[in-house]
Amino acid sequence: MKAPFAPKPPLKAALHKGPLDWRVILDWLRADGIISREDSDRTAKRFGAGDSSQHSLVRLGGAGLVRLSDGKTLDIENLTEWVAQRSGLPYLRIDPLKVDVGRVAEVMSITYAERRRALPIQVGAREVVVATCEPFDVEWVSEIEAHTQKMLRLVVVSPIELGRYTTEFYTLSTSVRSAVKSGETSALASFEQLVELGRTNRQLEANDQGVVQVVDWLWQYAFDQRASDIHLEPRRDLSLIRFRIDGVMHTVYQLPPGVMNAMVARIKLLGRMDVIERRRPQDGRIKTRDPRGNEIEMRLSTIPTAFGEKMVMRIFDPDATIKPLEALGFGKHDGQRWDGLVAKPNGIILVTGPTGSGKTTTLYSTLRRLATEEVNVCTVEDPIEMIQPAFNQTQVQTALDFGFAEGLRSLMRQDPDIIMVGEIRDLATAEMAIQAALTGHLVFSTLHTNDSVSAVTRLMDLGVPAYLIGATLEGVLAQRLVRTLCVSCKQPDESISVDMINQLVKPWRINGHVQAYKPIGCLECRMTGYRGRAGLYELLTVSEAAQAAIHPVLDMPRLRQQVIKDGLRPLRMAGAMKVAEGVTTIEEVLRTTPIWD
């Protein structure tokens, strides 16, 4: 990306030493032709002779300075990048997921970091990378080099970013150290008792203050980073904390195994799980609040591994179930067809796709719209994903021989109008779903298939007769999730043409204007170029002609041709439309969607 500034540092910049002063920065901006003299004089008069506790870049970033080259207002990021170029140091936007937070405090204390406006972000064998917003105040560099016995490499970051991450990183590092120290101190204090009990040490407890702080930080950090899942993974030497963000895993932090075990125990305690039992998988759930005060629900799952319990926390977006179809990614064509499908009084509607493709979100969002006061909506789930006041939700209990089939059989006696079955896994569940549909109920469920047409084959493989499938199946929605381009930094990609997109969706073609974009990377998207995800949908509706194609010896080509005539657009086509609209990229579509046979 071309730099917005190309200053020629005058002698004054080379001679400047010490913290940045807003008066000096104004002189440089005017000397480089970035702002006008009138703008500089107006700002100087406005600020007066007094100083402010604000950093000079922050103060000037809010002054409304106008760049002469394009008439745009200079913000803090623009000014920081320009100062970095003047100082000859690299400009950087910190990606917190790539910082080894555990080693930050090894380089300097938080008091020293705040005084020098510096933050270690990478510690190598021979080099330490330190972020600063004072590129001309470098007298302290030799002190840190002597302390660490390593070379220092400075990079320039925004003062707002520096202040935020300094507090965040050091708070976490201090909490982890406190947890480790607490465990060591407790072990020493109770040594005689432990000897009597035949033990050699005492592990950290779930309610130790350091452990409580680390768990609290973990949740708030995950919410801030828009994580959908938090993974706590035990290892032999250092355990890992990993986040899934926009469908991609990121390693966030490494912890001593003792701290990780205590964190898992703390979370299990809050989730009303059996803290002592570590030999079998467990499920639980927790409600907490994000930094904005919104209530967040998390589903917990543990499983024993070679080095201890692995825990995954699935974070549910409280707004996901109230989003309109357009916000989920439905186009106008499929959105109208889906609305018509779910308005039917009875039948079976299936949603298919791999784990993590958004099936539950689509079902919950649809059921929320259907769950009026005039209807009775009941669900059987394993486990209950999100508590919904408008539904009557039941969780299967395999230990009590209460599975999907048994739950569905019981629901039939509960006078339901609409039923949602978490998943059709076997013939017994499929038969009960068909029985419910035949007796006048609208049944929603999920399957794991590559596309919508394969759902028919899957039901036949389970043992469902073809005539019952044709009589009860109303439609199948196959879906995937693709990462969407960050609106803050995406740029037009002139290399993508209509012909390239048509090659992607052969034998189909798209018509109309194509404006593709490419990922660049910025602070908002953590330099990935993507922010958020959207759904791709393939909706099959079973018409009378499609019913005629469902035979015991299934003619798949005939069925595919018929559902296309009925309006089906394959997942690749939905992805191509998103590319043409500048929502995502060809690479994302190829990564997530199957080839239409």
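Please read these numbers as outputs of a predicted model, since none were measured by experiment. Values reported hereafter were calculated over all heavy atoms of this structure, with side chains retained and with hydrogens, waters and symmetry mates removed.
A side-chain donor-acceptor contact under 3.5 Å links Lys359 to the backbone of Gly353. No donor-acceptor pair under 3.5 Å is formed between the side chain of Gln479 and the backbone N or O of Gly535. Checking side-chain atoms of His250 against main-chain N and O of Ala227 turns up no donor-acceptor pair under 3.5 Å. No side-chain donor-acceptor contact under 3.5 Å links Asn346 to the backbone of Leu442. A donor-acceptor contact shorter than 3.5 Å links the side chain of Lys578 to the backbone of Gly329. Judged purely by atom type and a 3.5 angstrom limit, Thr352 has no side-chain atom pairing as donor or acceptor with the backbone of His448. Counting only distance, with no hydrogens or angles, the side chain of Asp224 and the backbone of Gln220 share no donor-acceptor pair below 3.5 Å. A donor-acceptor contact shorter than 3.5 Å is absent between the side chain of Thr472 and the backbone of Ile434. Of the possible donor and acceptor atoms, one in the side chain of Glu538 sits under 3.5 Å from a partner among the backbone N and O of Ser452. Between the side chain of Thr394 and the backbone N or O of Val380, no donor-acceptor pair lies under 3.5 Å.
Heavy-atom contacts from other residues, nucleotides or ligands closer than 6.0 Å to CG of Leu400 number more than 12. The number of heavy atoms from other shown groups lying within 6.0 Å of CE (Met577) does not exceed 12. More than 12 non-hydrogen atoms from other residues, nucleotides or ligands lie less than 6.0 angstrom from CZ of Arg591.
Gln562 and Asp566 form a side-chain donor-acceptor contact under 3.5 Å, judged by distance and modelled atom types alone. A donor-acceptor pair shorter than 3.5 Å can be found between the side chains of Thr366 and Trp338.
How far CD1 of Ile550 is from CG of Asp555: 11.5 Å, rounded to the nearest 0.5 Å. Rounded to the nearest 0.5 angstrom, Leu485 CG and Tyr517 OH are separated by 10.0 Å. Atom NE2 in His441 sits 10.0 Å away from atom CD in Gln435 (nearest 0.5 Å). Atoms OG1 and CG, from Thr288 and Leu270 in turn, are 9.0 Å apart once rounded to the nearest 0.5 Å. In this structure, CZ in Arg244 is found 12.0 Å from CD1 in Ile315, a value given to the nearest 0.5 Å. The CZ atom of Arg572 sits 10.5 Å away from the CD1 atom of Ile586 when rounded to the nearest 0.5 Å.
Within the 4.5 Å cutoff, no side-chain heavy atoms of Val542 are placed close to those of Glu474. In this structure, the side chains of Thr484 and Glu588 stay at 4.5 Å or more apart for every pair of heavy atoms. Proximity of Leu447 to Leu459: side-chain heavy atoms (C-beta onward) are separated by under 4.5 Å at one or more points. Using a 4.5 Å heavy-atom cutoff, the side chains of Tyr221 and Ile241 are not in contact. Between Arg235 and Met260, every side-chain heavy-atom pair lies at or beyond the 4.5 Å cut-off. Proximity of Pro594 to Leu571: side-chain heavy atoms (C-beta onward) are separated by under 4.5 Å at one or more points. Looking at Thr360 and Phe316, their side chains never come closer than 4.5 Å, going by heavy atoms from C-beta outward. No side-chain heavy atom of Gln395 sits less than 4.5 Å from a side-chain heavy atom of Glu381.
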For this session: Could you give me the CA-CA distance, side-chain angles and deciding distance for Arg458 and Ile424, then say whether side-chain contact (heavy atoms from CB on, under 4.5 Å) is met?
Result: CA-CA 10 Å; Arg458 174 65 175 152; Ile424 295 178; over 6 Å; no
For this session: Take Gln388 and Gln393, measure what side-chain hydrogen bond (donor to acceptor under 3.5 Å, both in side chains) needs, and give me the verdict at the end.
Result: CA-CA 8 Å; Gln388 294 292 334; Gln393 296 172 281; over 6 Å; no
For this session: Would you please test Glu406 and Arg409 for side-chain contact (heavy atoms from CB on, under 4.5 Å) and show each step?
Result: CA-CA 5 Å; Glu406 292 78 14; Arg409 185 178 295 110; 4.1 Å; yes
Exercise. Does the side-chain contact (heavy atoms from CB on, under 4.5 Å) test come out yes or no for Ile267 and Leu232, once each step is laid out?
Worked result: CA-CA 11 Å; Ile267 297 168; Leu232 304 182; 3.8 Å; yes
Problem set entry | Ser445/Phe404 under side-chain contact (heavy atoms from CB on, under 4.5 Å): CA gap, chis, key distance, verdict | CA-CA 11 Å; Ser445 190; Phe404 283 123; over 6 Å; no
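Ring-plane geometry between Phe330 and Tyr537 is classed as parallel, the angle between the planes falling under 30 degrees on a 0 to 90 degree scale with a further cut at 60.
The minimum heavy-atom distance linking Asp246 with Tyr530 is given by the pair OD2-O, 3.9 Å. Here the closest non-hydrogen pair linking Met311 and Thr302 is CE-CG2, 3.4 Å. The nearest pair of heavy atoms linking Ala436 to Val443 is CB-CG2, 3.8 Å. Across every non-hydrogen atom of Ala546 and Val563, the tightest pair is CB-CG1, 4.5 Å. Pairing each heavy atom of Ile230 with each of Ala222, the nearest pair is CD1-CB, 3.5 Å. Among all heavy-atom pairs drawn from Asp415 and Asn376, the shortest one is O-ND2, 2.9 Å.
A salt bridge links Asp334 to Arg337: one of the charged nitrogens lies within less than 4.0 Å of a carboxylate oxygen. A salt bridge is defined here as a Lys NZ or Arg NE, NH1 or NH2 lying under 4.0 Å from an Asp or Glu carboxylate O, and Arg299 with Glu297 fails to meet this definition. A salt bridge links Lys268 and Glu309; the closest N-O separation between the charged side-chain nitrogens and carboxylate oxygens is under 4.0 Å.
A side chain to side chain contact (heavy atoms under 4.5 Å, CB included) with Phe444 holds for exactly one of Leu370, Val351, Thr379, Ile348; it is Leu370.
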